[in-house]
Amino acid sequence: GLFRVIAQKFNKTPEDLARQTLVIGDGKGDIEAGKAIGAITGGFRRSVNSDLSQADFLFNDFSELLEKLPEKMAN
């Protein structure tokens, strides 16, 4: 629902917006929500107990995230 409203506000289709969206999360639900809209997902490893196996990539700190973004956003 909210994602469609955001897409409309920027005059984009939800699919176009999803291709330009990165969802970062530290839990399974965050990654599932990103996948549900078709976004790229990054798992922030804050806990060894979090299931981030479905994330497109994992990172331990934000400097590592910045290194991985160009590679993931180009795909």
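Because the structure is a prediction, the values reported are computed rather than measured. This chain uses plain numbering: 1 for the first residue, then up along the sequence.
- Under a hydrophobic clustering in which Ile, Leu, Val, Met, Phe, Trp and Tyr are joined whenever their side-chain heavy atoms come within less than 4.5 Å, directly or via other members, Ile40 and Leu17 fall into different clusters.
- Remark: Asp26 CG to Leu52 CG distance equals 7.5 Å, nearest 0.5 Å.
- Cluster membership check: Phe62 shares its hydrophobic cluster with Leu66, using side-chain heavy-atom separations under 4.5 Å among Ile, Leu, Val, Met, Phe, Trp and Tyr.
- Taking each heavy atom of Ala55 and Gly42 in turn, the nearest pair found is CB-C, 4.3 Å.
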Run the side-chain donor-acceptor check on residues 6-13: report pairs under 3.5 Å with partners two or more places apart or on a different chain.
from, atom 1, to, atom 2, distance (Å)
Thr13, OG1, Asp16, N, 3.0
Thr13, OG1, Asp16, OD2, 3.3

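- For the atom pair Ile37 CD1 and Arg4 CZ, the distance stands at 10.5 Å (nearest 0.5 Å).
- Note that the CD1 atom of Ile31 and the CD1 atom of Ile24 stand 9.0 Å from one another [nearest 0.5 Å].
- In terms of the salt bridge (charged side-chain N to carboxylate O under 4.0 Å, His left out) criterion, residue partners of Lys35 (sequence neighbours excluded) are, by chain and number, Asp56.
- For Gln54, the CD atom counts as loosely surrounded, since its 6.0 Å shell holds 12 or fewer non-hydrogen atoms of other residues, nucleotides or ligands.
- To the nearest 0.5 Å, atoms CG (Asp61) and CZ (Phe44) are separated by 7.0 Å.
- Here CD of Glu67 is found 11.5 Å from CZ of Phe57. Values are rounded to the nearest 0.5 Å.
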